[in-house]
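Have a look at the structure below before the remarks.
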Amino acid sequence: MKILVVNSGSSSIKYCLFDMADESLLAKGLVERIGIRGSLLNHYPAGRDPFKKEISIPDHRKGIELVIDALLNNEYGVIKDITEITAVGHRVVHGGEKYSGSVLITEDVMKTLNKFIELAPLHNPPNILGIKVCQELLPDTPQIGVFDTAFHQTIPEHAFLYGLPYTYYEKYRIRRYGFHGTSHKYVAQRAAEVLGKDIKKLKIITCHLGNGSSITAVKEGKSIDTSLGFGTISGLIMGTRCGDIDPAIIPYLMEKESLNFEEMNNILYRKSGFMGLSEGISSDMRDLEEQALAGNQRAQRTLNVLFYGLKKYIGAYTAAMNGLDVLVFTAGIGENAPQLRKTVCQDLSFFGINIDNTKNDGLRGKEAVISTPDSRVAVLVIPTYEELMIARDTAEICNNS
Ligand code: AMP
């Protein structure tokens with residue numbers, strides 16, 4: 001069974017084709033700059049030379065057509081006929097309270113997804129567009145939706161409700177949803193597998209630290225709390241997003257700086273986090289690390305805020321689960337920043353977290369257990385693989401229908 005995974009964003013489409021017999025990746029690629037000058041396709045067939053084509057890509061339909069052509073191409077393609085693709089799995093950011101798992105896309109599902117646009121106005125529209133185009137171009141192929149929010153639908157009411165008038169939950173479904181669910185689920189499952197333990201008997205904290213970050217408490221295989229909430233802004237400081245702040249700051253700042261709603265939103269989502277705290281050094285962790293090492297205080301204080309936030313969440317989620325067995329680091333920063341892992345873990349020995357510096361130092365982008373053999377908590381680095389998780393869910397739905 002071959003599964004195509006599509007992650008359709010506003011100006012890009014990422015794709016992967018898997019052979020589910022052994023979960024091998026046959027090809028992956030990226031359509032970039034859709035609707036912008038300089039658009040291009042980058043196609044990587046496994047074990048062969050990559051193929052790059054600069055071509056006008058005015059819309060998502062043209063983008064998906066190029067993906068299909070690349071997969072079928074005599075020279076750099078990986079399939080002979082389009083019917084070899086059993087199903088397409090789509091990443092969809094918001095599934096609201098309706099979807100606690102992946103679903104076969106039907107007309108009803110499309111209607112519901114359209115309703116969720118107001119919950120994820122930046123992400124759901126291009127996700128939905130990707131589905132529509134695939135339905136048009138591959139009308140006989142089942143399309144499956146895999147939601148970033150689904151894994152967090154097990155979060156209990158006491159953790160998903162905010163202390164606002166309850167009526168706003170009833171009227172507008174204002175609550176904690178959580179994101180990066182596919183990644184948290186994958187790395188939690190993979191960590192249990194690597195340790196040879198039953199996930200149903202483990203208390204795991206997964207730290208997905210990338211340009212966007214979230215941290216999740218996974219108890220007995222289920223998400224019970226997570227740091228992102230109604231929007232994609234709470235919790236840890238991120239590349240340009242502010243993380244947890246006192247809501248009182250918002251009206252205060254709006255008045256002081258005469259900001260309208262849009263300007264305020266722009267500050268919270270695009271001008272804060274690493275970029276804002278460092279006074280413009282960068283939204284990229286690599287730059288901050290480099291500058292901090294060179295003695296730049298603005299970079300160092302930004303890292304200090306991130307490290308402290310992480311420690312607080314690890315402590316809070318250990319309390320929420322009444323214990324901790326496994327701590328996992330993943331995504332761009334989690335996988336590639338040994339100094340962050342070391343700094344955060346060295347102050348958590350009280351919880352039974354001890355990492356082996358010889359295993360941690362220099363470890364980038366590779367799966368490994370980095371705790372000492374006598375550490376009560378196993379600490380792991382697990383590269384995230386959301387695409388494989390989407391392919392697995394898609395295959396499972398096909399097998400069961
Ligand atoms: P993601 O959103 O998962 O792609 O992660 C992006 C973040 O990972 C950015 O802040 C990058 O600076 C960071 N990152 C990627 N590679 C490295 C690296 N080698 N060292 C430190 N941070 C990295």
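Values below: all heavy atoms of this structure, side chains included; hydrogens, waters and symmetry mates excluded. In each ligand, atom 1 is the first atom listed, and ligand 1 is the first ligand listed. Index from 1, following the sequence.
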Short question: side chain of His43, backbone of Tyr76 - any donor-acceptor pair under 3.5 Å?
yes
Could you tell me which atoms of ligand 1, counted from 1 in the order shown, lie closer than 4.0 angstrom to a heavy atom of [X]?
X	answer
Asn211	1 (P), 2 (O), 5 (O), 6 (C), 7 (C)
Ala331	3 (O)
Arg364	19 (N), 20 (N)

Does CD in Glu255 sit with more than 12 non-hydrogen atoms of other residues, nucleotides or ligands closer than 6.0 Å?
no
Can you establish whether the number of heavy atoms outside Lys271 located under 6.0 Å from its atom NZ is more than 12?
no
Yes or no, since that's all I need: does a protein heavy atom fall within a distance strictly under 4.0 Å of atom 5 (O) of ligand 1?
yes
Has ligand 1 got any nitrogen or oxygen that is less than 3.5 angstrom from a nitrogen or oxygen of [X]?
X	result
Gly332	yes
Met285	yes
His208	no

I need the nearest protein heavy-atom contact for [atom]: residue, atom name and distance, please.
atom	result
atom 12 (O) of ligand 1	Asp284 OD1, 2.3 Å
atom 7 (C) of ligand 1	Ile333 CG1, 3.7 Å
atom 20 (N) of ligand 1	Asn336 O, 3.2 Å

Determine the sole option in Tyr177, Phe147, Tyr99 for which the ring-ring contact (aromatic ring centres under 6.0 Å, His included) test with His94 is passed.
Tyr177
Any side-chain heavy-atom pair from Ser183 and Thr330 closer than 4.5 angstrom?
yes
Does the side chain of Ile204 reach to within under 4.5 Å of the side chain of Thr206, using non-hydrogen atoms?
yes
Under the ring pair (Phe, Tyr, Trp, His ring centres under 6.0 Å) criterion, do His152 and Phe160 qualify, and how do the steps go?
CA-CA 9 Å; His152 300 302; Phe160 77 62; over 10 Å; no
